[in-house]
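What follows is one structure encoded as structure tokens, with my remarks underneath.
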Amino acid sequence: MAVIGSGFGGLAIAIRLQSQGYDVTLFEKNAQPGGHAAQLKLKGYTFDMGPSLITAPAIIGDVFHAAGRRMEDYLTLEALDPFYRIFYRDGSVMDYSGDAGAMQAQMHDFHPADAANYERFMQAARGIYDAVISDGLGAKPFLSWRTMISFLPRALKLNALLPAYTFVKRFFRDARNRFAFSFHPLFIGGNPFRSPAVYLMIPYLERSGGVWFSKGGMYSLVQAFVQLLRDCGGSIRCNAEVNEILVNNGRAVGVRVGDESFEFDAVVSNADVTHTYQQLLPEQFRRHWTNNRLDKTKYSMSAFLIYLGVRRQYPRLLHHSLILSHRYKELVRDIFDNKILADDFSMYLHVPTRTDAGMAPAGCESMYVLIPVPNLAADIDWDVTGPLFAAKVLAFLEQDFGLEGLQENLDVMETYTPRDFARDRNSYLGSPWGIEPSFLQTAYFRPHNRSEDIERLYFVGAGTHPGAGVPGVLLSAEASEKLVMRELHQESSARSIVSD
Ligand SMILES: Cc1cc2nc3c(=O)[nH]c(=O)nc-3n(C[C@H](O)[C@H](O)[C@H](O)COP(=O)(O)OP(=O)(O)OC[C@H]3O[C@@H](n4cnc5c(N)ncnc54)[C@H](O)[C@@H]3O)c2cc1C
């Protein structure tokens, strides 16, 4: 069995299938495994380059469990409280957490009626969570209309198909409260004004399961999965970019890496779905995902990142902080639809040194700034714009936001642009989140966990069902594992009946 790509989805399916008795080889383009969860180490500072926020530890635990191991033997997780701090443009602040009383007190300051609706909102979000997580829809491959149609009555009853923001607006009046409970689709590359409210299971998932940090950063989860895969007997080949998926008689039969071809019973791609279809499979094999259809598909935003090692600390910033612009809907529209780099920006800051002093030299701060920006369909030359934009963001943080002495205390500064996502990780249009999770690109409408055209070709990761985010891609691995097991097992049983 070949797995292409060592993102969390690729690592998880490799572990699951190896544990089921398949002999798995994982091919990774880069020197380091982990995909977007790569790690950058410079001058004593350690940065997680991408994901930073761990939710749903139970879903992570399921991967260890599938391999007959215990997560605690590989990872040390620490709960964060509050989950994050939101700095609004008017100077007000919210410490967002799972503590109902603390949340209601803050929401009350913004609008008393909103505080009273907090529990009502959470119960509504719980209904969605129950459908997607507890009842297993997230880990169920949506291959047919039947699965989709059977979910529709429940989805309609839960209002889960409304745009997320519209759903939230029904509960809260103050713009700040509306933001705090509606922005979560952005975590997974969704536009809160058109992603279905099904993604509002995230606030409930955070409240019920907490927000966690793994000692050593998110990369320690990559290392734990790599170790687990090796412990189960699987192998990883880094610096091995797959250039072609070999197809014979409509069936995936192997992969080509440079000049070498390798035969396999089945292939699972964790590489970006559009990259897989466009670059690894000739169009003659694709009736469903033609180049034309892939061109018409809507892709998510990208991100501009600045990794900063600073010779001082800023305790005002929590482990996770959001610093918001005065604009919400309009800014999101500029990023997703108008595809322009607006004058204003909202940002997420990751400051792991707040929790783990080992991520930087003593007394120093390791931090990254993430700004959602348009993907590469925008007319932006990041070679020119990148340095100017970074300078503007640093000036904002120091002068407007008040991080005193930020620029004169910089030990390390690196940027990462949409162009880098495309070049380093084969993310189509430089979008690490891939296919946008709008209603018409969710569940059955998303690329399936199994190719519609090529037998024994499966998908895991952000571009397939259920979607992006660490919990999402881990669930995709569970969904794809079910398909592989069902289909390969059925075939081998049929073969053994014939040979009997
Ligand atoms: C900046 C940022 C912050 C984020 N924050 C969070 C967060 O806090 N919490 C959260 O849950 N999620 C977060 N996410 C989303 C989350 O990181 C991703 O959805 C998830 O990690 C994607 O995993 P994946 O399985 O799709 O694989 P990917 O990470 O996309 O990895 C795919 C792998 O395939 C490899 N590859 C591509 N083409 C080939 C080829 N031809 N041959 C061999 N290998 C190939 C790539 O090099 C890469 O290693 C964030 C994402 C980003 C970018």
Side-chain angles (χ1 to χ4, degrees), residues 1-20 22 24 26 35 55-56 58-67 128-151 154-155 160 188-189 196 198-199 201-202 205 225 229 252 266-273 276-277 288-289 433-435 437 441-490:
M1 181 85 51
V3 175
I4 306 171
S6 66
F8 282 126
L11 288 167
I13 188 83
I15 292 163
R16 284 177 173 277
L17 293 177
Q18 184 73 36
S19 307
Q20 293 282 4
Y22 292 99
V24 177
L26 192 153
T55 52
I59 295 177
I60 298 174
D62 285 347
V63 180
F64 291 90
H65 192 240
I128 300 174
Y129 170 91
D130 283 344
V132 177
I133 305 290
S134 312
D135 298 349
L137 285 178
K140 186 173 185 152
F142 271 69
L143 297 185
S144 72
W145 268 105
R146 234 190 11 238
T147 327
M148 188 76 184
I149 288 169
S150 64
F151 174 54
R154 189 166 177 195
I188 50 154
V198 74
Y199 297 108
M201 68 181 170
I202 302 174
L205 181 135
F225 278 171
L229 176 59
V267 176
V268 185
S269 180
N270 174 229
D272 180 283
V273 171
T276 304
Y277 275 129
H288 284 82
W289 290 97
W433 290 277
I435 292 177
Q441 300 187 158
T442 291
Y444 175 73
F445 303 121
R446 230 172 154 66
H448 297 169
N449 300 82
R450 187 221 309 121
S451 163
E452 293 98 320
D453 296 322
I454 298 159
E455 279 177 53
R456 296 198 176 187
L457 172 60
Y458 302 88
F459 292 97
V460 290
T464 184
H465 172 72
V470 179
V473 304
L474 296 182
L475 290 173
S476 79
E478 196 180 332
S480 300
E481 180 202 8
K482 286 179 192 154
L483 286 173
V484 173
M485 291 306 294
R486 198 163 71 204
E487 294 172 2
L488 267 69
H489 184 71
Q490 262 171 10

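Here the structure is a predicted model, which means the values were calculated and not measured.
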Measure the shortest side-chain to side-chain distance between [X] and [Y] over non-hydrogen atoms and say whether it is less than 4.5 angstrom.
{"X": "Val132", "Y": "Val198", "value": "yes"}
{"X": "His465", "Y": "His448", "value": "no"}
{"X": "Ile15", "Y": "Val24", "value": "no"}
{"X": "Ile202", "Y": "Thr55", "value": "no"}
{"X": "Tyr22", "Y": "Met485", "value": "yes"}
{"X": "Ser476", "Y": "Asn449", "value": "yes"}

[atom1] of [X] to [atom2] of [Y]: how many Å apart, nearest 0.5 Å?
{"X": "Arg446", "Y": "Ile435", "atom1": "CZ", "atom2": "CD1", "answer": "6.0 Å"}
{"X": "Leu475", "Y": "Ser480", "atom1": "CG", "atom2": "OG", "answer": "10.5 Å"}
{"X": "Asn270", "Y": "Asp272", "atom1": "CG", "atom2": "CG", "answer": "10.0 Å"}
{"X": "Trp289", "Y": "Ser451", "atom1": "CH2", "atom2": "OG", "answer": "10.5 Å"}
{"X": "Leu488", "Y": "Leu483", "atom1": "CG", "atom2": "CG", "answer": "10.5 Å"}
{"X": "Phe142", "Y": "Thr464", "atom1": "CZ", "atom2": "OG1", "answer": "11.5 Å"}

What's the verdict on side-chain contact (heavy atoms from CB on, under 4.5 Å) for Arg456 and Val267, showing C-alpha distance, side-chain angles and the deciding distance?
CA-CA 6 Å; Arg456 296 198 176 187; Val267 176; over 6 Å; no

Between Lys482 and Ala477 (side chain of the first, backbone of the second, donor and acceptor by atom type, cut-off under 3.5 Å), is there such a pair?
no

Would you say the side-chain atoms of Ser269 pair up with the backbone N or O of Thr276, donor to acceptor, closer than 3.5 Å?
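Not confirmed, Ser269 side chain does not pair with Thr276 backbone.
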
Show every salt bridge (Lys or Arg N to Asp or Glu O under 4.0 Å) that has at least one partner inside residues 7-20, sequence neighbours left out.
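Pairs touching residues 7-20 that pass the test: Arg16-Glu478, Arg16-Glu481.
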
Taking ring-ring contact (aromatic ring centres under 6.0 Å, His included) as the test, write out the residues that go with Tyr199, two or more places apart.
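Residues passing ring-ring contact (aromatic ring centres under 6.0 Å, His included) with Tyr199: none at all.
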
Listed partners of Asp130 passing salt bridge (Lys or Arg N to Asp or Glu O under 4.0 Å), at least two apart:
Arg126

Looking at every non-hydrogen atom in both residues, tell me the closest pair between [X] and [Y] and how far apart they are.
{"X": "Val473", "Y": "Ala462", "result": "CG1-N, 3.4 Å"}
{"X": "Val3", "Y": "Gly10", "result": "CG1-O, 3.7 Å"}
{"X": "Pro466", "Y": "Gly472", "result": "CD-O, 3.4 Å"}
{"X": "Thr442", "Y": "Pro196", "result": "OG1-CG, 4.1 Å"}
{"X": "Pro141", "Y": "Ala479", "result": "CG-O, 3.8 Å"}

Stepwise, does the side-chain contact (heavy atoms from CB on, under 4.5 Å) test hold for Val63 with Leu474?
CA-CA 8 Å; Val63 180; Leu474 296 182; 4.3 Å; yes

So for atom NE2, which belongs to His288, do other residues, nucleotides or ligands contribute more than 12 heavy atoms lying within a distance under 6.0 Å?
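Yes, NE2 of His288 has more than 12 neighbouring heavy atoms, counting only those of other groups under 6.0 Å.
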
Mind running side-chain contact (heavy atoms from CB on, under 4.5 Å) on Arg450 and Glu487 for me, showing each step along the way?
CA-CA 10 Å; Arg450 187 221 309 121; Glu487 294 172 2; 2.6 Å; yes

Decide yes or no on side-chain contact (heavy atoms from CB on, under 4.5 Å) for Val268 and Phe459, but give the supporting numbers first.
CA-CA 5 Å; Val268 185; Phe459 292 97; over 6 Å; no

What class does the angle between the rings of Phe225 and Phe64 fall in, given that below 30° is parallel, 30 to 60° is tilted and above 60° is perpendicular?
tilted

